[in-house]
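Take a look at this one; I'll ask things after.
Chain A is the first sequence line, chain B the second, and so forth, proteins listed ahead of strands; every chain is numbered from 1.
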2 protein chains.
Amino acid sequence: MPLPHRPSPRTPARLQDRATWLVSRAHARSFRLLNAGFEAHGGGLRGYHYRLLAALEEWGPSSQADVGRTTGIDRSDVTAALTELEAQGLVERSVDPANKRRKIVTLTDAGATRLLDLDAVIDGIQREFLAPLTAEQREQFLGLMSLLVEE
Amino acid sequence: MPLPHRPSPRTPARLQDRATWLVSRAHARSFRLLNAGFEAHGGGLRGYHYRLLAALEEWGPSSQADVGRTTGIDRSDVTAALTELEAQGLVERSVDPANKRRKIVTLTDAGATRLLDLDAVIDGIQREFLAPLTAEQREQFLGLMSLLVEE
DNA sequence: AACCAATGTTGGTCCCACCAACATAGCCGA
DNA sequence: TCGGCTATGTTGGTGGGACCAACATTGGTT
């Protein structure tokens, strides 16, 4: 009777209590869920697109550079993602007449609608992601993560 | 007096309380720290290499497929990373005489030593990463993350 | 006018995660 | 025993997120 040779995916001891490892695993899980959600209901959009739409909705028309700074996305990535959003009619770009270097990005009605759709999808994913925790633990989790993330 | 036009990197409201967003930010920060650490003291190794060395140290010589299963790393990525580790003399690969498909991977002394070095680097990064939290909060954080990550 | 800084764009890199296909080797049931 | 299935290691590829370098254009400063 041969050995099965099918070790379950355990975790090396030196990893399983390290914060960076746990964060990495949590991120991998979160990322998988988000990818599946975007794949199923995202209409070809990804995380960058959602972040950009959210920033535009919250702070109104801005230059690409400002959008990049508020979202923490690199200028070059902002350019690429906005081109894709523009192709779907979700944002509009126009040269700032007061400063011809800048392009003012504006959320369209279609973009605002799409953002709401994505909100719903992402809210569902939050529940799935946080399923292992009780309501109280979720509170704690969000609080601790906020501390860990600021700057 | 012209407007500064330098918005600080805030976070859209619909993002800042979502668990997946916070995890993504925490992971980005953790990843930056780890990258910097590996860059400075990692001798060209990366996360995959550390995970593989750790698994070999803990569970002894194993086939590549088993190492991949225990670490959660894809077979193909295991192959590539092991080739790099082998080139540095940190692991050895030999065909399993009892099953010529399999390659048994063994940690060398140099590999074990290197693993200890990396442990020290990564421990330092844990402190840096967790700096915003009190000791008690760190305990809570690790506990909650473990729940969230399970399987 | 000369210099420097900001902007948008192009075109890269890197790491992690994942997938498809393939040759080889072992296994198992008919 | 043969045929088919699975496991293994390898090659090569995809995709997302995060970055970086260089460049032309435009503004602002001195």
Next on the checklist: In this structure, how many angstroms lie between the C1' atom of D:dT26 and the CD atom of A:Q64, rounded?
Outcome noted: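 Distance check: A:Q64 CD to D:dT26 C1' gives 15 Å.
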Checklist entry - Who are the salt bridge (charged side-chain N to carboxylate O under 4.0 Å, His left out) partners of B:E92, not counting sequence neighbours? => result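 For B:E92, no residue satisfies salt bridge (charged side-chain N to carboxylate O under 4.0 Å, His left out) once neighbours in sequence are set aside.
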Sequence neighbours excluded and cut-off under 3.5 Å, please list the side-chain donor-acceptor pairs for residues 115-123 of chain B, or say none.
from   : atom 1 : to    : atom 2 : distance (Å)
B:D119 : OD1    : A:R14 : NE     : 3.1
B:D119 : OD1    : A:R18 : NH2    : 2.8
B:D119 : OD1    : B:Y50 : OH     : 2.4
B:D119 : OD2    : A:R14 : NE     : 3.2
B:D119 : OD2    : A:R14 : NH2    : 2.7
B:D123 : OD1    : A:R18 : NH1    : 2.3

Checklist entry - Separation of A:L34 atom CG from C:dC18 atom C1', in whole Å? => result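 In whole Å, C:dC18 C1' lies 16 Å from A:L34 CG.
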Checklist entry - On a plain distance test, is the side chain of A:R101 in donor-acceptor contact with the base of D:dT26 below 3.5 Å? => result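 Indeed there is one.
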Checklist entry - Can you pull the salt bridge (Lys or Arg N to Asp or Glu O under 4.0 Å) pairs that have at least one residue in residues 70-79 of chain A, sequence neighbours excluded? => result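 Pairs touching residues 70-79 of chain A that pass the test: none.
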Next on the checklist: Rounded to whole Å, please give me the gap between CZ in A:R102 and C1' in D:dG27.
Outcome noted: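 Between C1' of D:dG27 and CZ of A:R102: 11 Å.
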Next on the checklist: Tell me the closest heavy-atom pair linking B:T108 and B:G89, and the distance in Å.
Outcome noted: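 Closest approach of B:T108 to B:G89: OG1-O, 2.7 Å.
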Checklist entry - What residues in residues 79-95 of chain A put a non-hydrogen atom under 4.0 Å from any atom of DNA chain C? => result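 By residue number: A:T79, A:R93.
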Checklist entry - Just how large is the angle between the end axes of the helix from C:dA1-D:dT30 to C:dA30-D:dT1, five pairs per end, to 10 degrees? => result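 Answer for the end axes of this duplex: 10°.
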Next on the checklist: List the residues meeting side-chain hydrogen bond (donor to acceptor under 3.5 Å, both in side chains) with A:R114, not counting sequence neighbours, and say none if there are none.
Outcome noted: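 A:R114 satisfies side-chain hydrogen bond (donor to acceptor under 3.5 Å, both in side chains) with A:Q88 once adjacent residues are dropped.
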Item to check | Heavy-atom pair with the smallest gap, counting every atom of B:P97 and B:K100 | outcome: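 It is O-CG, 4.4 Å.
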Checklist entry - A:S94: what forms a side-chain hydrogen bond (donor to acceptor under 3.5 Å, both in side chains) with it, not counting sequence neighbours? => result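 Here no residue qualifies.
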Item to check | Closest heavy-atom pair and its distance - A:M145, B:A26 | outcome: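 In this case the closest contact between A:M145 and B:A26 is CE-CB, 3.5 Å.
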Checklist outcome for this item: Quick tally for nucleotides 16-23 of chain D: nucleotides whose base has a protein heavy atom under 4.0 Å get B, sugar-phosphate-only ones S, the rest -, giving SSBBB-B-
Item to check | Pairs flagged by side-chain hydrogen bond (donor to acceptor under 3.5 Å, both in side chains) wherever residues 32-45 of chain B is involved - sequence neighbours left out | outcome: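 Every pair satisfying side-chain hydrogen bond (donor to acceptor under 3.5 Å, both in side chains) with a residue in residues 32-45 of chain B: there are none.
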Next on the checklist: Within the supplied structure, the quantity of interest is the number of heavy atoms (other residues, nucleotides, ligands) at a distance under 6.0 Å from A:Q16 CD; does it exceed 12?
Outcome noted: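 Yes, CD of A:Q16 has more than 12 neighbouring heavy atoms, counting only those of other groups under 6.0 Å.
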Item to check | Between C:dG8 (C1') and A:D66 (CG): distance, integer Å | outcome: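 Taking atom C1' of C:dG8 as the reference, CG of A:D66 is at 13 Å.
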Next on the checklist: Using whole Å, what does the distance between atom P of nucleotide D:dT8 and atom CD1 of B:I104 come to?
Outcome noted: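 From B:I104 CD1 to D:dT8 P: 11 Å.
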Next on the checklist: Just to verify, which of A:R102, A:R93, A:R69 counts as forming a side-chain hydrogen bond (donor to acceptor under 3.5 Å, both in side chains) with A:Q64?
Outcome noted: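 It is A:R93; the other options fail the test.
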Item to check | A:E84: partners by salt bridge (charged side-chain N to carboxylate O under 4.0 Å, His left out), with sequence neighbours left out | outcome: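 By the salt bridge (charged side-chain N to carboxylate O under 4.0 Å, His left out) rule, A:E84 matches A:R46.
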Next on the checklist: Quick check on contacts: within residues 119-130 of chain A, what sits under 4.0 Å from DNA chain D by heavy-atom distance?
Outcome noted: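 Contacting residues: none.
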Checklist entry - Considering only C:dG8, D:dT10, D:dT8, which nucleotide approaches the side chain of B:R69 most closely? => result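 My answer, after comparing the listed nucleotides, is D:dT8.
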Item to check | Partner residues of B:R101 under the salt bridge (charged side-chain N to carboxylate O under 4.0 Å, His left out) criterion, sequence neighbours left out | outcome: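 Salt bridge (charged side-chain N to carboxylate O under 4.0 Å, His left out) list for B:R101, sorted by chain: empty.
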